[in-house]
Amino acid sequence: MKLGSILLAYVCLFCGSASAEPLRVDLELVLAVDVSYSMELDEQRLQRQGYVAAFLEPALIEAIENGPVGRIAVTYVEWGGSAVQVTPWTLIDGRGTASQYSELLRRQPIRRIAFTSISNTLAFTRRLFDYSPFEGSRRVIDISGDGPNNSGVPAPVARNSTVARGITIDGLPIMLKTHAASDSAAIPDLDAYYRECVIGGDGAFLVKVTDSGEFARAILRKLIIEISGLEISRLSPETVRAARFGEGYNCFIGEEIQERMIGR
């Protein structure tokens with residue numbers, strides 16, 4: 001039996017009928033990963049490898065095992081203008097299941113999706129919690145991206161609808177210099193955009209990536225924070241920023257850039 005089938009069968013042991021009691025976990029985590037065309041293929045591979053490697057790291061496994069219940073549930077989504085669930089909800093409770101999940105993720109093909117719709121992605125991912133066979137003490141959407149929303153409703157509308165359901169949104173803004181130089185839709189303060197327009201909820205934070213060599217380290221650090229529920233105030237503000245909503249930021253910048261490009 002193939003690994004993917006084994007894991008899917010393993011997850012479905014907890015699905016049962018609609019009336020079955022969900023399995024308690026410390027965290028239900030959606031990893032929403034940008035695969036839009038503004039992401040170069042080598043950057044997509046580095047990003048994927050970062051997640052594959054993270055689930056093999058002893059520090060991440062220790063964070064899972066040290067939780068009150070000692071297990072989490074995770075699903076992996078890739079997105080552009082639309083979103084695709086790449087892996088089913090999967091239980092991770094130690095080194096064995098983490099290694100299996102890493103291998104399942106490694107085997108998935110690389111895809112690319114046109115446009116950048118943070119709002120469509122948040123709408124898609126928050127619905128995944130409705131079909132999860134798990135019940136987490138916390139529910140988190142971890143969304144990466146290299147540009148502002150340019151399709152669907154404005155990002156703050158989707159953020160507010162998601163946070164209203166008790167779901168936290170954390171961000172991984174990808175701010176590589178190559179993007180700023182070559183992508184007409186890139187903005188120089190993407191971290192500020194994510195902080196003001198995308199992330200939200202209890203304990204929300206972001207970790208930015210400014211160099212392709214930082215992917216693996218940033219991904220691992222972010223996952224450990226999310227799994228552990230660490231207090232962001234105790235961490236370095238240079239790489240980890242808590243949610244901070246203020247007035248005056250233009251959350252429609254992506255839509256305005258798209259409109260100018262269409263009007264040329």
Side-chain angles (χ1 to χ4, degrees), residues 1-16 20-33 47-79 83-109 124-144 166-172 201-205 207 215-230:
M1 185 182 289
K2 292 183 178 179
L3 176 63
S5 300
I6 294 171
L7 274 175
L8 184 58
Y10 180 50
V11 170
C12 287
L13 287 174
F14 303 104
C15 298
E21 286 292 324
L23 182 70
R24 292 284 301 174
V25 293
D26 292 311
L27 173 68
E28 290 175 88
L29 178 61
V30 177
L31 301 174
V33 178
Q47 185 175 215
R48 171 71 68 79
Q49 289 166 6
Y51 285 101
V52 168
F55 284 96
L56 299 176
E57 284 288 340
L60 184 141
I61 295 164
E62 181 180 1
I64 294 171
E65 294 177 336
N66 285 345
V69 180
R71 55 188 180 231
I72 68 169
V74 63
T75 184
Y76 191 93
V77 169
E78 293 181 333
W79 67 276
V84 176
Q85 187 180 14
V86 176
T87 68
W89 280 109
T90 305
L91 178 72
I92 300 179
D93 59 359
R95 181 173 300 173
T97 48
S99 177
Q100 288 176 332
Y101 188 74
S102 173
E103 178 62 13
L104 174 64
L105 190 55
R106 186 189 67 80
R107 292 186 179 192
Q108 301 308 308
F124 177 86
T125 53
R126 68 174 178 256
R127 286 196 296 269
L128 294 179
F129 292 104
D130 297 333
Y131 303 102
S132 167
F134 304 97
E135 182 178 349
S137 302
R138 294 177 292 122
R139 296 182 296 170
V140 173
I141 297 171
D142 175 338
I143 184 167
S144 74
I167 300 167
T168 297
I169 306 164
D170 296 331
L172 185 76
D202 187 28
F205 70 99
V207 177
F215 267 118
R217 182 173 58 185
I219 288 168
L220 177 61
R221 187 175 193 193
K222 190 162 185 291
L223 287 173
I224 289 174
I225 294 169
E226 287 166 333
I227 292 166
S228 304
L230 294 174

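This is a predicted model, so every value here is computed, not measured.
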Pairing of Asp26 and Arg138 as salt bridge, 4.0 angstrom limit: no

Under 4.5 Å between any side-chain heavy atoms of [X] and [Y], yes or no?
X	Y	value
Phe124	Val84	no
Leu27	Ile227	yes
Asp170	Thr168	yes
Ile169	Ile143	yes
Leu29	Ile141	no
Val25	Glu135	no

Check: Ala53 main-chain N/O paired with Glu57 side-chain donor or acceptor under 3.5 Å: no

Glu28 (side chain) donor-acceptor with Ala73 (main chain) under 3.5 angstrom: no

Distance-minimising heavy-atom pair for Ile219 and Ala54: CG2-CB, 4.3 Å

Contact summary for Gly171 and Lys222, nearest pair of heavy atoms: O-CE, 2.9 Å

Which residues share a side-chain hydrogen bond (donor to acceptor under 3.5 Å, both in side chains) with Ser228, sequence neighbours left out: none

side-chain hydrogen bond (donor to acceptor under 3.5 Å, both in side chains) partners for Thr125, two or more places apart: none

In Å, rounded to the nearest 0.5 Å, how long is the span from [atom1] of [X] to [atom2] of [Y]?
X	Y	atom1	atom2	value
Tyr51	Leu56	OH	CG	15.0 Å
Phe205	Leu172	CZ	CG	9.5 Å
Ser102	Arg95	OG	CZ	13.0 Å

Val33 vs Val77, side-chain contact (heavy atoms from CB on, under 4.5 Å): CA-CA, chis, key distance, verdict: CA-CA 6 Å; Val33 178; Val77 169; over 6 Å; no

side-chain hydrogen bond (donor to acceptor under 3.5 Å, both in side chains), paired with Glu78, selected from Gln85, Arg48, Gln47: Arg48

What side-chain donor-acceptor pairs closer than 3.5 Å can you find for residues 60-72, not counting sequence neighbours?
unit_1: Asn66; atom_1: ND2; unit_2: Glu62; atom_2: O; d: 3.3
unit_1: Arg71; atom_1: NE; unit_2: Arg24; atom_2: O; d: 2.7
unit_1: Arg71; atom_1: NH2; unit_2: Arg24; atom_2: O; d: 3.2

Thr87/Leu105 under side-chain contact (heavy atoms from CB on, under 4.5 Å): CA gap, chis, key distance, verdict: CA-CA 7 Å; Thr87 68; Leu105 190 55; 4.2 Å; yes

Pair Thr90-Thr75, side-chain contact (heavy atoms from CB on, under 4.5 Å): steps then yes or no: CA-CA 6 Å; Thr90 305; Thr75 184; over 6 Å; no

Thr97 and Leu91: CA distance, side-chain angles, deciding distance, side-chain contact (heavy atoms from CB on, under 4.5 Å) verdict: CA-CA 7 Å; Thr97 48; Leu91 178 72; 5.9 Å; no

Sub-6.0 Å ring centroid separation between Trp89 and Phe129: yes

